[in-house]
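Below is one structure, written out as structure tokens; comments come after it.
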Amino acid sequence: MIGGRVAAKQLRMLVLENVEQWTPADCWMQLYDRWSSVDDIGSLSVIYQMLESETAKGVLYFRQSLLLLRLNCPEAAMRSLQLAREHAASDHERLVYEGWILYDTGHCEEGLQKAEASIAIQRSFEAFFLKAYALADSSLDPSTTATVVSLLEDALRCPSDRLRKGQALNNLGSVYVDCGKLDLAAECYINALKIGHTRAHQGLARVHFLRNNRVGAYDEMTKLIEKARNNASAYEKRSEYCERELTKTDLQMVTKLDPLRVYPYRYRAAVLMDNHKEKEAVAELTRAIAFKADLNLLHLRAAFHEHIGDISSALRDCRAALLVDPNHQEMLELHHRVNSQEP
């Protein structure tokens, strides 16, 4: 901190003297408020304070891991999950956390087994929720959809708080959307909103869109934007439901709120190419590649370079991308095509 001259721990001690200390009840109320206003950083700060006094640390470390995943911090989330396992209050709770660790590391079948072992000891919301997640990812059989729905319904019948029940209702809505049951999906999202799961506005917007009601979808995302503390992603999603000029305005707002989101740059580059502004399109992609040089961006810029006849730049992007993934099929094809054009 301050150029390395003050330890973060010392700064924290100084700041802590000026921070109001909440009771456990205050903390839960603050957590509900921040979770409902889609304030992941604020929610995380409340959980940190709760961890200093609450005895049920397993549940709190688990909630912390969920927030860290939302904030795109998978390694920190995994550490929190491991701490949740260490501080689990019971065997069935520990099995759930072990199941999530396995699930998050790509071992869906093993995660499913942990969920089933936990349910065998005690039927709980988290065990059914984990089993639904793991089953959905471990099986390609369409018939498992009915089982996933049944598991989420079982979870909702178990005791839990509205933070997690809102998430389960939201997930259930998504399952219904995927199998075309839009009325049931809308009901789930509306019930989730009633208990403060604000993110359900996005699911309800999708239902409106699938019903060919773009205005309803746009209005639903506007409600999310008005409620959410951090709403860059909501602006980005709303941009899909409006005309081009409003889309451009929303995506400009996304870049202002969160300059590191890639989609707005890709969209603006595509529009510029459509308008035959090739150099401006390449410049837009270059701005994104400066902070995220992923394969898709490099592939698109290489294609743009090829389109305007800048073969050397196209080759440079192809070679850079193939260093990351030598087997990327589309990039290999583009590289071969561009290479054949080099003088």
Side-chain angles (χ1 to χ4, degrees), residues 38 40 70-74 199 201-202 205-206 208-210 214-215 217-222 224-225 228 230-343:
V38 196
D40 294 333
R70 283 181 183 169
L71 292 165
N72 197 29
C73 303
R199 284 181 170 87
H201 281 299
Q202 184 166 323
R206 186 181 174 203
H208 286 308
F209 181 72
L210 291 171
R214 290 174 70 94
V215 173
Y218 182 89
D219 291 344
E220 206 62 49
M221 290 307 302
T222 301
L224 177 55
I225 287 167
N230 302 312
N231 50 23
S233 63
Y235 274 108
E236 184 173 296
K237 190 65 182 177
R238 190 177 73 169
S239 72
E240 299 176 17
Y241 301 134
C242 49
E243 300 304 323
R244 176 169 283 192
E245 286 307 311
L246 286 175
T247 296
K248 288 166 64 177
T249 301
D250 273 357
L251 293 180
Q252 289 291 355
M253 181 59 75
V254 173
T255 301
K256 179 180 178 181
L257 295 170
D258 185 354
L260 302 184
R261 296 184 78 89
V262 168
Y263 174 74
Y265 299 92
R266 287 176 59 92
Y267 178 88
R268 287 191 290 268
V271 170
L272 287 164
M273 281 297 286
D274 287 346
N275 293 333
H276 306 291
K277 297 179 178 178
E278 291 87 355
K279 289 184 179 179
E280 292 92 332
V282 169
E284 196 70 38
L285 286 178
T286 300
R287 279 189 277 274
I289 289 169
F291 61 84
K292 188 173 183 179
D294 72 9
L295 289 173
N296 291 326
L297 288 172
L298 286 166
H299 180 266
L300 188 58
R301 191 172 70 173
F304 282 7
H305 281 311
E306 181 196 24
H307 178 77
I308 62 177
D310 187 350
I311 302 304
S312 61
S313 293
L315 273 174
R316 194 161 52 243
D317 280 347
C318 288
R319 288 164 182 165
L322 290 171
L323 284 172
V324 178
D325 183 1
N327 300 313
H328 190 278
Q329 192 58 42
E330 289 183 338
M331 189 60 79
L332 285 169
E333 291 171 5
L334 179 60
H335 181 258
H336 178 72
R337 188 171 69 244
V338 171
N339 202 37
S340 66
Q341 299 175 43
E342 191 176 30

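The model shown is predicted, which means the values in this text are computed figures rather than measured ones.
Atoms NE2 and CG, from His305 and Leu334 in turn, are 11.0 Å apart once rounded to the nearest 0.5 Å. In this structure, CE on Met273 lies 4.0 Å from NE2 on His307, to the nearest 0.5 angstrom. Here Glu236 contributes atom CD and Leu257 contributes atom CG; the two are 11.0 Å apart, rounded to the nearest 0.5 Å. The line from NE2 of His336 to SG of Cys318 is 12.0 Å long, rounded to the nearest 0.5 Å. Interatomic distance, CD of Glu243 versus OH of Tyr218, reported as 10.5 Å (0.5 Å rounding). The distance from atom CD of Gln329 to atom CD of Glu333, rounded to the nearest 0.5 Å, is 5.0 Å.
Heavy atoms only, all atoms of each residue included: Ala217 and Ala205 are closest at CB-O, 3.3 Å.
Using modelled atom types, one side-chain atom of Asn231 and one backbone atom of Ile225 make a donor-acceptor pair closer than 3.5 Å. Formation of a donor-acceptor pair under 3.5 Å by the Tyr265 side chain with backbone atoms of Pro259 is found in this model.
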For residues 285-294, please give each side-chain donor-acceptor pair under 3.5 Å, one per line with the distance, not counting sequence neighbours.
{"from": "Thr286", "atom 1": "OG1", "to": "Val282", "atom 2": "O", "distance (Å)": "2.8"}
{"from": "Thr286", "atom 1": "OG1", "to": "Arg301", "atom 2": "NH1", "distance (Å)": "3.0"}
{"from": "Arg287", "atom 1": "NH2", "to": "Glu284", "atom 2": "OE1", "distance (Å)": "2.9"}
{"from": "Asp294", "atom 1": "OD1", "to": "Asn296", "atom 2": "N", "distance (Å)": "3.4"}
{"from": "Asp294", "atom 1": "OD1", "to": "Leu297", "atom 2": "N", "distance (Å)": "2.9"}

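For the pair Leu322 and His335, the minimum side-chain heavy-atom distance is below 4.5 Å. Using a 4.5 Å heavy-atom cutoff, the side chains of Leu224 and Val38 are in contact. Side-chain contact between Ser239 and Met253: absent, with no pair of heavy atoms (C-beta onward) separated by less than 4.5 Å. At least one side-chain heavy atom of Tyr267 sits less than 4.5 Å from a side-chain heavy atom of Arg244. Side-chain contact between Val254 and Leu251 is present, with at least one heavy-atom pair separated by less than 4.5 Å. Taking 4.5 Å as the limit, some side-chain heavy atom of Asn339 sits within range of a side-chain heavy atom of Arg319. Side-chain contact between Lys248 and Arg268 is absent, with no heavy-atom pair separated by less than 4.5 Å. Inter-residue side-chain proximity for Arg206 and Glu220 is flagged as unmet; no heavy-atom pair is nearer than 4.5 Å.
Contacts of Gln202 classified as side chain to side chain donor-acceptor pair (under 3.5 Å), with partners at least two apart in sequence or in another chain: none.
A salt bridge links Arg199 with Asp40: the distance from a Lys NZ or Arg NE/NH1/NH2 to an Asp or Glu carboxylate oxygen falls below 4.0 Å.
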